[in-house]
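What follows is a short report on a single structure.
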Amino acid sequence: RAGASPPRALVPEEGLAAPRAEEAIRQFYSHMAESSEAQRAQRGRFGFRAAPAKLNREELYLHPERRRQAEATSRRFLRRRATTDAAATIDQLRGLVAMQHFADLDVADAEPGLAVDKRCSEDDYVLEPASFLDVSQQMTLDAPRGVFVVDGEVIDFAADLAASGLDLEESPQEVEQLKDACAERLAAAVKRSLQAAFQDGPPPRQLLRSATTLLSQSGLAGVERAAQMALPLGSPTLIAGGGEQEVRFELQREGHETAWRLRLSVRRHSFGAAHAIPEETGAEAQILGCGPGSAIARGADLRLTAEAYEPGDSGEGDPWRVAVEVVSLTNDVDLMGMDGAPMRLPWLLPSSGSSANSQSLSRRGRQIKAIARTAAHVAHMALAVPLGTVASWGLRCGELLVVAAGQVAAYLGLSSRRRGRDRDEEERSFLGDAVTSFSQELPLK
């Protein structure tokens with residue numbers, strides 16, 4: 001329960017039994033390959049084009065040689081871990097493999113010499129002003145949306161706003177200036193932390209890019225996906241409806257080394273409902289009524305390092321090798337029923353939805369949810385788009401809006417049927433829940 005015990009860290013054991021390690025790796029990459037194949041098939045049906053980054057990600061799992069290389073990297077990761085939890089399950093190991101894989105991709109994409117069309121993400125880096133050079137664009141956007149702690153210095157926009165006495169409606173320009181100041185302060189703090197390890201010059205560009213990418217919603221997205229992979233296969237995706245969200249990022253240098261600990265976490269609490277969205281296409285979603293004490297907490301502890309190449313090994317470019325290692329992954333899901341008793345986890349609920357704490361969504365309700373999720377995706381892109389890329393962003397949003405239009409049409413077709421008063425009340429409730437879900441799908445506050 002929230003507040004009753006510290007989050008449980010999922011940490012692998014040393015000397016993993018080969019069958020368990022191999023099974024965790026196989027399950028993760030098979031899942032990613034199946035998901036990539038399904039997305040390609042869906043685009044083919046609708047005639048959509050994918051961005052180069054998305055195609056590159058899919059190739060990691062669909063191209064046999066690239067997949068073998070990724071699996072080998074994951075295998076080495078599990079083999080070099082120290083003994084900390086001899087009872088690690090395949091589910092937990094699968095989540096750790098996922099987190100390490102996603103973090104590795106973020107660091108690889110941060111290589112300054114990597115062409116944009118070769119990246120596996122659409123993250124971008126600031127080129128000017130000089131004070132923001134090579135800082136992740138996403139981190140600058142996220143600066144006002146969470147709490148950052150850099151070598152003990154706390155950067156909290158919400159606290160700064162409260163102390164200023166400014167009101168967003170009455171003083172929008174002053175609030176925007178405060179946001180800009182928060183982003184500048186955060187970028188300067190991260191640069192100072194990294195710079196302290198390099199007395200003879202600036203920190204490696206890839207190191208700065210990697211750190212600021214991981215200390216943003218981009219890094220946290222990997223945590224969320226890895227936490228989902230740490231659940232039993234086939235588990236539904238949980239989305240908290242309403243409530244509060246606490247986002248925290250920490251960066252701490254380790255002694256005098258060129259190594260840093262990064263901690264990323266998000267905790268959702270005080271919500272009255274959780275939406276359990278099944279993986280299976282066409283399967284019914286469930287709304288779980290949640291009582292006080294319900295919370296969903298996810299996080300990761302990472303170690304980022306920069307090591308000098310041996311003379312003659314680095315070739316052209318940065319003479320430093322930047323790497324990331326997952327220390328632990330946290331995935332705490334504590335759902336309380338309306339009666340205050342711990343709720344059975346969603347993947348154990350009967351498919352009929354007969355539990356007193358849950359409802360099955362009607363077909364119309366699922367259409368509303370689909371519309372909300374698509375609209376949220378567009379909103380996410382609107383908040384994250386950097387200046388100067390409006391054309392490409394507009395094209396991607398246009399494709400998503402076509403999907404949303406089809407969903408709206410399906411919804412209107414369903415709504416034209418006459419239904420009883422009780423069913424209409426139920427579906428109006430679903431609409432309210434969909435709006436709540438929309439707010440949870442948005443980027444970090």
Next on the checklist: For a quick check under 3.5 Å, do Asp123 and Ser218 share a side-chain donor-acceptor pair by atom type?
Outcome noted: yes
Next on the checklist: How close do Phe249 and Leu264 get, counting heavy atoms only, and between which atoms?
Outcome noted: CD2-CG, 3.9 Å
Checklist entry - Looking only at side chains, do Gln228 and Glu224 share a donor and an acceptor under 3.5 Å apart? => result no
Checklist entry - Can you check whether Val150's main-chain N or O pairs, donor with acceptor, with Glu153's side chain at less than 3.5 Å? => result no
Next on the checklist: Within the structure provided, determine whether Leu62 and Arg67 are in side-chain contact (heavy-atom separation under 4.5 Å).
Outcome noted: no
Next on the checklist: Pairing donors with acceptors under 3.5 angstrom, does anything connect the side chains of Arg145 and Ser216?
Outcome noted: no
Checklist outcome for this item: Taking every heavy atom of Met139 against every heavy atom of Thr212, the minimum-distance pair comes out as CB-O, 3.4 Å
Checklist entry - Once you round to the nearest 0.5 Å, how far does CD of Gln245 lie from CD1 of Ile296? => result 10.5 Å
Checklist entry - Could you state the interatomic distance from CD (Glu22) to CD1 (Ile90), rounded to the nearest 0.5 Å? => result 11.0 Å
Item to check | Side chain to side chain, Leu231 and Leu238, heavy atoms closer than 4.5 Å | outcome: no
Next on the checklist: Just so I know, are the side chains of Val190 and Val135 near enough to count as touching, which here means a heavy-atom distance under 4.5 Å?
Outcome noted: no
Next on the checklist: Quick one, Thr213 with Asp106, criterion side-chain hydrogen bond (donor to acceptor under 3.5 Å, both in side chains). Give me CA distance, side-chain angles, the key distance, then yes/no.
Outcome noted: CA-CA 7 Å; Thr213 296; Asp106 284 338; over 6 Å; no
Checklist entry - Roughly how far apart are Leu215 CG and Ser210 OG, rounded to 0.5 Å? => result 10.5 Å
Item to check | Donor-acceptor contact below 3.5 Å, side chain Asp134 vs main chain Leu208 | outcome: no
Checklist entry - Just wondering, do Pro278 and Glu284 contact through their side chains at under 4.5 Å, heavy atoms? => result no
Next on the checklist: Between Arg76 and Glu325 (salt bridge meaning N to carboxylate O under 4.0 Å), is one present in this structure?
Outcome noted: no
Next on the checklist: Main chain of Val324, side chain of Gln100: is a donor-acceptor contact present, judged purely on distance under 3.5 Å?
Outcome noted: yes
Checklist entry - Is the backbone N or O of Val107 less than 3.5 Å from a side-chain atom of Gln206, with the two atoms forming a donor-acceptor pair by type? => result yes
Next on the checklist: Both conditions, 6.0 Å and 45 degrees, for the charged tip of Arg209 above the ring of Tyr125: are they met here?
Outcome noted: yes
Checklist outcome for this item: Looking only at heavy atoms, the pair that brings Ala143 and Leu186 closest together is CB-CD2, 3.9 Å
Next on the checklist: Please tell me whether Ser30 and Glu34 have a donor and an acceptor in their side chains that are separated by less than 3.5 angstrom.
Outcome noted: no
Checklist entry - Does the distance from a Lys or Arg side-chain N to an Asp or Glu carboxylate O, for Arg253 and Asp151, drop under 4.0 Å? => result no
Item to check | Sidechain-backbone polar pair: Thr73 side chain, Gln69 backbone, donor-acceptor under 3.5 Å | outcome: yes
Item to check | Trp260 side chain vs Ser193 backbone, donor-acceptor pair below 3.5 Å | outcome: yes
Next on the checklist: Taking Gln137's backbone N and O only, do any of them form a donor-acceptor pair with Asp124's side chain (distance below 3.5 Å, no angle check)?
Outcome noted: no
Checklist entry - How many angstroms lie between atom OG1 of Thr140 and atom CG of Asp180, to the nearest 0.5 angstrom? => result 9.5 Å
Checklist entry - Thinking salt bridges, do Glu250 and Arg248 make one under a 4.0 Å N-O criterion? => result yes
Next on the checklist: I'd like to check Arg57 versus Gln39 (side-chain heavy atoms, cut-off strictly below 4.5 Å). Are they in contact?
Outcome noted: no
Checklist entry - How far apart are the closest heavy atoms of Thr305 and Ala259, and which atoms are they? => result CG2-CB, 3.8 Å
Checklist entry - Within the distance-only criterion (no hydrogens, no angle test), does the side chain of Asp334 pair as donor or acceptor with the backbone N or O of Gly293 below 3.5 angstrom? => result no
Next on the checklist: Closer than 4.0 angstrom, basic N to acidic O: yes or no for Glu23 and Arg26?
Outcome noted: yes
Checklist outcome for this item: Minimal heavy-atom distance between Val97 and Ser74, with the atoms involved, is CG1-OG, 3.6 Å
Checklist outcome for this item: To the nearest 0.5 Å, atom CZ of Arg40 lies from atom CD of Glu58 at 4.5 Å
Checklist outcome for this item: Scanning both residues in full, the closest heavy-atom pair of Leu329 with Ala230 reads CD2-CB, 4.3 Å
Checklist entry - Would you say the ring centroid of Phe77 lies under 6.0 angstrom from that of His101? => result no
Checklist entry - Is Arg261 close to Val327 at the side-chain level, that is, under 4.5 Å between some pair of heavy atoms? => result yes
